[in-house]
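Report on one structure; see the data block that follows.
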Number of protein chains: 2
Amino acid sequence: MKKIDIFKKLRSSGLRPTKQRVEIAKFLFERDKTFHFTVESLDKLLAKKTTSKFALATIYNTVHAFKKAGHLSEVEVRGKKTYFDTNITNHHHFYDSETCELIDIDANDVVIQKIPKAPNGKKIKNVEVFINLKN
Amino acid sequence: MKKIDIFKKLRSSGLRPTKQRVEIAKFLFERDKTFHFTVESLDKLLAKKTTSKFALATIYNTVHAFKKAGHLSEVEVRGKKTYFDTNITNHHHFYDSETCELIDIDANDVVIQKIPKAPNGKKIKNVEVFINLKN
DNA sequence: TCCTAGTTTATAATTATTCTAAAGTAAAAA
DNA sequence: TTTTTACTTTAGAATAATTATAAACTAGGA
């Protein structure tokens with residue numbers, strides 16, 4: 001994804017293309033595979049891979065802005081830290097608790113034959129399948 | 001569940017039946033339906049429903065001891081607080097984000113036809129299905 | 001009854017995250 | 001282009017859930 005596209009992506013979601021947002025966006029979205037991270041891991045990676053400095057609060061702000069704009073999704077992981085995913089399509093996850101690592105599962109690789117219907121007046125927003133791994 | 005059974009339950013899992021543990025166990029397990037809670041909600045309920053006093057740390061300790069002994073399970077819910085469930089059988093959940101409420105789904109009410117196999121050298125520990133609700 | 005290991009307690013520490021207020025910057029208006 | 005304004009970034013403080021600590025307490029065996 002070129003810089004110009006990053007600009008468009010930000011603009012189209014009402015986010016000013018500031019220096020920090022562009023840098024973070026480039027880091028997150030200029031890759032082939034999907035990327036899973038926590039704010040902490042992103043902070044460390046940015047420190048290592050870029051020359052800019054980022055306040056932690058900026059990383060929180062930016063990541064949440066991207067999430068709100070639909071460029072990132074937040075993943076259901078039990079634990080303290082929040083995980084984000086650059087894959088915003090509907091999909092599922094393996095979780096390796098040994099390494100605290102998430103692995104994407106394509107929505108087509110999971111087929112659910114039967115689920116109960118939502119209770120009284122509620123509707124189903126989405127179904128997340130989470131497969132915990134062990135060694 | 002009678003008091004004597006609470007004692008047995010604790011004993012058999014290597015937990016001394018102290019005043020606090022017995023009180024908390026009675027509160028958690030002497031009920032027909034499964035019970036979902038956070039440490040915070042449990043603390044409030046104990047304060048309201050019992051005459052004893054409990055340090056917050058004791059509630060954390062006790063709940064984790066019960067979890068370790070297999071009397072409680074921890075539920076996959078995104079968010080800050082950890083949810084526990086007195087239903088320790090393999091089952092799934094609805095989650096109502098409006099009310100922050102969990103609802104059990106019997107394992108038999110979910111049939112998964114296809115899941116991918118675990119990656120390289122890993123095995124599947126368990127599969128959790130989480131159905132988010134909306135209004 | 002006495003002893004000892006396991007428990008409870010109040011409080012401090014930790015950790016992830018959010019808030020705040022001042023300084024900085026993008027981009028619209030003049 | 002300059003000015004203005006609203007949005008951003010920043011460092012550090014505040015918050016909230018949880019865990020650690022260390023002293024006082026207690027269950028249960030000797």
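Labels below follow one simple rule: chain letters A, B, ... track the order of the sequence lines, proteins then strands, and each chain is numbered from 1. Treat the numbers as computed from the prediction; the structure is a model and nothing was measured.
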Nearest-Å distance, [atom1] ([X]) to [atom2] ([N])?
X	N	atom1	atom2	answer
A:E23	D:dT8	CD	P	17 Å
A:L15	C:dT25	CG	P	19 Å
B:E40	D:dT15	CD	P	16 Å
B:N61	D:dA17	CG	C1'	15 Å
B:I59	C:dA10	CD1	P	11 Å
A:Y83	C:dT17	OH	P	10 Å
A:F54	D:dT10	CZ	C1'	13 Å
A:K81	C:dT14	NZ	P	16 Å

Quiz item: Taking 4.0 angstrom as the limit, do B:E40 and B:K44 come out as a salt bridge?
Solution: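 Yes, this pair counts.
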Proximal nucleotide (of [options]) relative to the [X] side chain:
X	options	value
B:A55	D:dT8, C:dA10, C:dT8	C:dA10
A:Y60	C:dA10, D:dT18, C:dT17	C:dT17
B:L56	C:dT8, D:dT18, D:dT9	D:dT18
B:R16	D:dA6, D:dT9, D:dT26	D:dT26
A:Q20	D:dT10, C:dT8, D:dT19	D:dT10

Exercise. Check A:D109, A:I112, A:I105 against A:V129 for a side-chain contact (heavy atoms from CB on, under 4.5 Å) and give me the one that passes.
Key: A:I112
Quiz item: Can you name the one residue among B:F29, B:F37, B:Y60 that meets ring-ring contact (aromatic ring centres under 6.0 Å, His included) with B:F66?
Solution: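 Filter result, single survivor: B:F29.
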Quiz item: Looking at A:Y95, A:F94, A:Y83, which one forms a ring-ring contact (aromatic ring centres under 6.0 Å, His included) with A:F130?
Solution: A:Y95
Looking at [N], I'd like to know if its phosphate oxygens (OP1 or OP2) sit under 4.0 Å from a side-chain N or O belonging to [X].
X	N	value
B:T18	C:dG6	no
B:H64	D:dT19	yes
A:K80	C:dT15	no

Select base, sugar-phosphate, or nothing to describe what [X] touches, counting heavy atoms under 4.0 Å on all strands.
X	value
A:K53	sugar-phosphate
A:T58	base
A:T82	sugar-phosphate

Practice problem: Take B:H36 and B:D85 through the side chain to side chain donor-acceptor pair (under 3.5 Å) test and state the conclusion after the steps. | Solution: CA-CA 5 Å; B:H36 297 106; B:D85 189 343; 3.0 Å; yes
Quiz item: Between B:A57 and B:K19, which is nearer to the 5' end of DNA chain D once each is assigned its nearest nucleotide?
Solution: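 Looking at DNA chain D, the more 5' nearest nucleotide goes with B:A57.
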